[in-house]
Every structure is written in C-alpha cells, then in structure tokens.
2 protein chains.
Amino acid sequence: MRLSSRGEYGVRAMIHLALNYNEGFIPLSRIAAVEDISQQYLEQIFANLRRGGLIRSNRGVKGGYALASPPQAICVGDIIRVLDGPITPVNCVSDEGSDDDCRCGKSDDCLARSLWIKLRDHINQLLDGITLQDMLNWKY
Amino acid sequence: MRLSSRGEYGVRAMIHLALNYNEGFIPLSRIAAVEDISQQYLEQIFANLRRGGLIRSNRGVKGGYALASPPQAICVGDIIRVLDGPITPVNCVSDEGSDDDCRCGKSDDCLARSLWIKLRDHINQLLDGITLQDMLNWKY
DNA sequence: TTAAAACCATACTGGATTACTCAGGATTAG
DNA sequence: CTAATCCTGAGTAATCCAGTATGGTTTTAA
C-alpha cells in the first residue's frame with residue numbers, strides 16, 4: 001500500500017505551486033532545488049501533470065509552471081490519479097481493470113472483492129476531499 | 001497504492017479458514033486448490049501468518065491450518081500487516097520508518113507529511129474495523 | 001515400522017516496475 | 001543572438017515481486 005515516488009513528489013510540487021499561486025510562473029529549477037528533487041525526474045512528472053490539465057506552463061525565459069486552477073479546486077486524488085493511474089488496492093476493482101485482471105477467478109461471489117471495493121472507495125473519498133487549499137490551511 | 005499479491009492471497013485464504021472455522025484443521029492443498037493459488041507460494045504466506053500468531057497448524061496426515069482466534073477477533077489490518085509490514089503510504093510516517101526514510105529532508109515543517117499521516121490512519125482504521133466475521137456476514 | 005501426508009525453510013530466478021539519467025530539441029524574453 | 005526555460009523520448013541500473021525449486025522435518029494412519 002505504498003505510494004510511488006512520482007505521486008509523493010507530485011503532491012509536494014503541487015503544494016509548492018499552491019504556496020506561490022500569486023507569483024505567476026515558477027521555474028522548475030527552483031522547485032527542484034527547494035524540494036530537493038532531481039530536476040529531470042520532475043520534468044517527467046510535470047509533463048504528466050500538464051497533460052492531465054492540472055498545471056499550465058510557459059516556455060522561454062521567465063517561463064515556468066503554475067496551477068491550472070485555484071488551490072481550492074485541485075484535490076489530492078486528482079494529482080495521484082494523473083501520476084499513478086486509478087487508485088485501487090487490486091486491479092480487478094479498478095475502473096480500467098477488466099475481470100481478466102482478477103487473480104481470483106470468481107469475480108462475482110468473491111467476498112474479498114467487497115472488501116477491496118470498500119477500501120478503494122474509502123481512500124478515494126478521503127483524497128478527493130482534501131484540496132491543496134485545505135493543506136495550506138493546515139500550516140501551524 | 002496497490003496491495004501485494006501476498007496480501008491479497010492472504011486475505012482470501014483467511015476468509016477460507018473463517019468459512020470453515022468449525023471443521024478443524026484444513027489442509028493447505030485444499031485451500032490452494034479451491035482458491036487457485038500456487039501451493040508453494042501459499043506455504044510461504046501461511047508461514048508468515050503462523051509466525052504472526054494469526055493461524056495455528058497441525059502436522060502430519062490429517063494436519064492442516066486453522067484460525068488461531070475466532071473470526072470476530074481477527075481483522076483485515078492484522079492480516080495485511082503481518083504479510084506486508086506496516087500499512088503506510090510513505091516510509092517516513094511508518095512506525096518502523098526513521099527520518100532517514102524521508103524523501104523530503106524537512107520531516108517537521110512538511111505539509112505533505114500531515115497528509116500522509118491522515119491517509120495512513122484512515123486506511124488503518126478502516127482495515128482494523130473489519131473482521132473476518134464481518135466479511136462472512138456480507139455474504140449475499 | 002513405514003510411508004504418505006502435511007508442514008517448514010531457504011535459495012533462486014525471471015520478469016516487471018521504479019526511479020531515475022541522458023541527450024537533445026523547441027520556444028521566448030531581453 | 002543567446003541564455004533561460006520548457007519539452008520529449010530513449011535508455012538503464014537497481015530493486016522488488018511473484019512464483020519455483022529443492023530438500024528437508026514432523027506426525028499419524030495403517
């Protein structure tokens with residue numbers, strides 16, 4: 001049940017952008033330095049965040065990245081799903097997963113399945129209920 | 001945020017034992033066959049469950065495995081923790097994890113950290129609140 | 001006593017995934 | 001022009017996972 005480093009870095013970087021929401025575009029190099037993340041690795045992560053519509057970018061000198069929406073409109077679940085795909089404990093209860101992904105053949109009368117669904121929904125509901133703004137408000 | 005196959009198989013096997021709680025010791029071969037899991041792999045999993053005190057075993061012809069406690073006394077969190085270690089989204093908020101495991105240097109003033117703690121507790125509370133008996137009651 | 005059934009332990013392995021790095025191209029402000 | 005910045009795709013070393021392989025030991029029915 002571990003989060004990938006992509007997800008972890010992505011959330012940290014998004015918090016960074018949220019903290020500087022009024023400052024315009026923030027260059028990636030600064031985020032990488034402050035957050036102590038490999039810049040090239042962060043570039044990959046930001047490419048995904050951008051394709052997912054969570055951030056927007058400006059190229060060239062004075063360019064950088066900024067949130068695509070205000071901090072109260074972006075939740076943690078969005079970030080993690082964009083970077084890591086559907087949030088689910090096992091493939092067979094994922095939206096994208098088919099029954100072929102099910103390690104137990106039965107699919108239907110599978111008691112465990114009910115558990116995975118509960119767990120999946122529980123995690124998603126929590127992560128969808130926490131926005132970047134919520135996290136900024138936690139500060140001290 | 002995926003569960004390991006160990007955890008998944010472990011939960012399935014424990015449900016199997018719970019369903020047959022009154023039948024005495026169940027041989028591993030039967031569980032492996034019914035649940036369609038490699039017997040050798042299941043043996044590894046059961047060794048961990050036994051060391052963790054969740055099941056007990058009898059050797060010899062007529063031997064097998066049984067729950068160490070009644071189904072209402074064993075929760076899903078116990079099973080997964082025995083098989084996969086602490087349930088935590090990132091190492092740095094795990095009981096066993098030190099600050100060295102923290103990918104962000106700051107440990108303290110880390111906004112993301114509060115999030116990981118919330119997520120960790122949320123998941124553990126859910127999984128600790130569901131016993132094997134609860135799952136049996138879900139049937140139909 | 002013996003052999004089968006079952007548990008027990010450890011080492012190994014092939015494949016997948018992860019977490020990056022490398023190299024270079026495209027864009028734009030000054 | 002040029003320096004700063006975004007952008008892209010390929011490559012790679014290491015790790016982890018899932019499952020095998022091998023070879024026990026213990027118990028009990030017959």
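Convention: sequence-line order gives letters A, B, ...; per-chain numbering from 1.
No chain of hydrophobic side-chain contacts below 4.5 Å, direct or via other Ile, Leu, Val, Met, Phe, Trp or Tyr residues, connects B:Phe25 to B:Leu67.
Atom P of nucleotide C:dC22 and atom OH of A:Tyr41 are separated by 15 Å, given to the nearest angstrom. Look at CZ on A:Arg6: it is 6 Å from P on C:dA19, rounded to the nearest Å. Atom P of nucleotide C:dA4 and atom CG of B:Leu28 are separated by 20 Å, given to the nearest angstrom. For the pair A:Ile37 CD1 and C:dC20 P, the computed distance is 9 Å after rounding to whole Å. Taking atom CD of B:Gln44 as the reference point, atom P of D:dA21 lies 13 Å away to the nearest angstrom. Taking atom CZ on B:Arg2 and atom P on C:dT17, their separation rounds to 10 Å, with Å as the unit.
Residue B:Arg59 places none of its side-chain N or O atoms closer than 4.0 Å to OP1 or OP2 of D:dA29. Contact annotation: B:Arg50 side-chain N/O to C:dA9 OP1/OP2 distance is under 4.0 Å. Residue B:Ser5 places at least one side-chain N or O closer than 4.0 Å to OP1 or OP2 of D:dG19. Residue B:Arg51 places at least one side-chain N or O closer than 4.0 Å to OP1 or OP2 of C:dA9. Residue A:Ser57 places at least one side-chain N or O under 4.0 Å from the OP1 or OP2 atom of D:dC7. Between A:Ser38 and C:dT21 there is a side-chain N or O to OP1 or OP2 distance below 4.0 Å.
The residue among A:Gln39 and A:Gly60 whose nearest nucleotide of DNA chain C lies closer to the 5′ end is A:Gln39. Where B:Val61 and B:Tyr65 meet DNA chain C, the nucleotide closest to each residue was compared, and B:Val61 sits on the side nearer the 5' end.
Checked by distance alone, A:Gln40 brings no side-chain donor or acceptor within 3.5 Å of a matching partner on the base of C:dC20.
B:Phe46 and B:Tyr65 have perpendicular rings, their planes meeting at more than 60° on a 0 to 90° scale where under 30° would count as parallel.
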